[in-house]
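In this text the structure is predicted, and so the values were computed from the model without any measurement.
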Amino acid sequence: MQHEYVGTAQIILGVIARFWPVWLALAIVLIASITWKKRLGLYGQLFDTGVGIAGVVICLFWLFTAIFSATISPFDPLAQDVMMKDALPGAITGDGGVYLFGGDKLARDIFSRMVYGSRIVLIIAPAATAFALMVGITLGLPAGYYGGRIDSFLSFLANLVLAFPVILLFYLLVTPGIMDTPIPYSMAGVFFLFPIIFFSVLFYTRYKNRPERFYPQIAITLILGFWIYAGLVFDADPLGIISIRPNELNIFVAVVFASSPGVFRIVRGLVMDIKTRDYVAAAQTRGESPWYIMLWEILPNARGPLIVDACLRIGYTTILLGTLGYFGLGLAPESPDWGTAIKDSSRLLRAYIHPALPPVIALMSFVLGLNLLADALREQSLKD
């Protein structure tokens with residue numbers, strides 16, 4: 001099938017032009033960040049090194065790409081134009097549009113699918129990592145602080161999960177048939193309670209003697225917490241804002257389940273070290289409660305390693321999502337996520353290589369940005 005094509009320079013300029021919201025948002029954020037970096041704490045310190053700047057720029061690029069994906073994408077990622085099947089980059093459509101990165105085997109725009117794929121990755125990976133952190137922190141703090149039977153029991157559960165092969169664990173948790181069982185919903189019902197418990201205890205220990213601040217904060221926590229809980233677990237958000245598809249829920253639960261034990265062990269080790277410090281002994285002498293000491297004395301001083309670990313886990317989860325998509329597990333077959341795109345294009349590599357390159361480069365660059373960010377954060381946490 002014969003197509004008309006634009007030149008390479010026009011493709012490059014077209015891609016740059018489509019990302020105009022990203023460039024604008026990047027410019028605003030970077031200028032503001034550099035101007036007030038001394039007031040921005042750990043985030044501001046990232047701009048003192050080239051590695052930190054590179055990591056921030058790459059991560060912000062994909063973040064803004066996900067936010068403005070509807071504006072950036074020239075076509076619907078699921079729309080098919082039969083005339084554009086396996087079209088090469090720069091192919092002109094019948095109505096004058098351009099498939100900047102060409103068309104795939106189902107005649108869909110590769111550029112639009114790559115852009116929309118960032119939205120899927122940047123919703124699932126950071127959110128699942130955040131929930132895993134909540135679970136790991138909530139259980140790791142008492143295990144490290146109290147020790148004894150509590151530590152033995154929680155460590156046994158963590159080691160039990162870690163002893164199971166990760167790939168096999170994910171395969172079992174994301175197979176389509178598991179959604180016909182109550183397992184994913186039961187696990188989600190347990191895991192999604194941890195953020196509510198964490199923030200409720202956090203505000204209680206800090207403001208229990210200041211009711212004018214405690215009651216509004218606990219009310220907001222419970223209302224927002226159970227609103228999100230109802231939407232995610234029961235798909236019962238009355239406003240229809242919070243929801244998650246069943247094939248995304250099992251991936252979400254699998255990531256939280258597999259990542260939480262690793263976070264638990266890191267938090268436990270940090271707490272066992274930090275609880276011997278003088279400022280913890282001073283808090284104990286003042287008569288502060290154990291949970292106050294854990295949340296307001298120990299946890300803030302463990303933030304450096306935990307932030308670094310979170311960045312690395314988001315990158316790991318991104319790779320994992322790509323791997324699951326490549327094997328056709330979890331997300332729907334028509335999903336524009338990068339792993340599914342790589343899987344679809346890999347079957348025709350001998351004939352057409354252009355459909356595989358954009359999702360591969362996107363996945364690689366995002367994980368690279370997270371690794372650079374983690375390296376810069378590690379350096380700053382060591383200085384602190």
Side-chain angles (χ1 to χ4, degrees), residues 11-12 14-30 54-79 89 99-104 106 108-130 243-245 247-248 251-252 255 310-326 329-346 354-374:
I11 294 175
I12 296 173
V15 171
I16 294 174
R18 295 303 311 182
F19 279 105
W20 71 265
V22 175
W23 309 133
L24 180 61
L26 268 176
I28 294 173
V29 171
L30 292 179
V56 169
V57 169
I58 295 173
C59 291
L60 286 178
F61 172 85
W62 286 113
L63 174 62
F64 291 134
T65 298
I67 293 173
F68 299 113
S69 56
T71 303
I72 298 170
S73 301
F75 301 96
D76 185 330
L78 301 180
Y99 273 25
L100 293 168
F101 289 164
D104 63 8
L106 296 178
R108 299 168 299 191
D109 180 36
I110 295 172
F111 176 78
S112 297
R113 290 181 63 78
M114 180 201 72
V115 171
Y116 268 93
S118 66
R119 176 182 290 185
I120 296 173
V121 169
L122 269 79
I123 287 176
I124 296 179
T129 302
S243 64
I244 186 170
R245 297 172 182 171
N247 58 350
E248 294 177 355
I251 294 179
F252 204 96
V255 172
C311 291
L312 294 174
R313 285 188 187 280
I314 294 173
Y316 171 75
T317 303
T318 302
I319 296 174
L320 180 63
L321 291 174
T323 303
L324 293 175
Y326 185 84
L329 297 172
L331 297 173
E334 70 275 6
S335 170
D337 72 282
W338 296 334
T340 301
I342 295 171
K343 177 198 70 173
D344 292 340
S345 58
S346 65
H354 67 277
L357 294 179
V360 167
I361 294 174
L363 179 63
M364 180 184 67
S365 63
F366 180 55
V367 175
L368 173 63
L370 289 168
N371 288 338
L372 293 175
L373 194 61

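- Residues Cys311 and Ala374 approach most closely at CB-CB, 3.9 Å, considering heavy atoms.
- To the nearest 0.5 Å, atom CG of residue Leu100 and atom CE of residue Met114 are 9.5 Å apart.
- Between Phe61 and Phe19, the angle of the ring planes lies from 30° to 60°, which puts this pair in the tilted group.
- Heavy-atom minimum distance, Arg18 versus Thr71: NH2-O, 3.0 Å.
- Closest approach of Gly103 to Pro355, counting heavy atoms only: O-CG, 4.2 Å.
- Here the CG atom belonging to Asp109 is positioned 11.5 Å from the CG atom belonging to Leu78, to the nearest 0.5 angstrom.
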Exercise. Is there a side-chain contact (heavy atoms from CB on, under 4.5 Å) between Phe366 and Leu122 once you walk through the steps?
Worked result: CA-CA 10 Å; Phe366 180 55; Leu122 269 79; 4.0 Å; yes

For this session: Determine, step by step, whether Val121 and Trp62 satisfy the side-chain contact (heavy atoms from CB on, under 4.5 Å) criterion, reporting the C-alpha distance in whole Å, the side-chain angles of both residues, the deciding distance to 0.1 Å, and the verdict.
Result: CA-CA 10 Å; Val121 169; Trp62 286 113; over 6 Å; no

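- For the atom pair CG (Asp76) and CZ (Arg113), the distance works out to 9.5 Å, reported to the nearest 0.5 Å.
- Note that CZ of Phe75 is 5.5 Å distant from OH of Tyr99, once rounded to the nearest 0.5 Å.
- Trp338 and Thr318 share no donor-acceptor pair across their side chains, judged by distance under 3.5 Å alone.
- Distance alone, capped at 3.5 Å, places no donor-acceptor pair between the Ser73 side chain and the Ala70 backbone.
- Put simply, CG on Leu368 and CD1 on Ile58 are 4.5 Å apart, with the number rounded to the nearest 0.5 Å.
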Problem set entry | Stepwise side-chain contact (heavy atoms from CB on, under 4.5 Å) test for Phe101 and Val15 | CA-CA 9 Å; Phe101 289 164; Val15 171; 3.7 Å; yes

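- Here CG of Asp337 is found 7.5 Å from CD1 of Ile251. Values are rounded to the nearest 0.5 Å.
- Within the 4.5 Å cutoff, the side chain of Leu373 has heavy atoms near those of the Val56 side chain.
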For this session: Before giving the answer on side-chain contact (heavy atoms from CB on, under 4.5 Å), spell out for Leu26 and Trp23 the whole-Å C-alpha distance, their side-chain angles and the decisive distance to 0.1 Å.
Result: CA-CA 5 Å; Leu26 268 176; Trp23 309 133; 4.1 Å; yes

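- A pairwise comparison of heavy atoms in Ala310 and Thr129 identifies O-CG2, 3.8 Å as the closest pair.
- For the pair Asp104/Asp344, no side-chain contact is recorded, criterion being any heavy-atom separation below 4.5 Å from C-beta on.
- Taking all atoms of both residues into account, the shortest heavy-atom contact from Ile110 to Pro358 is CG2-CG, 3.7 Å.
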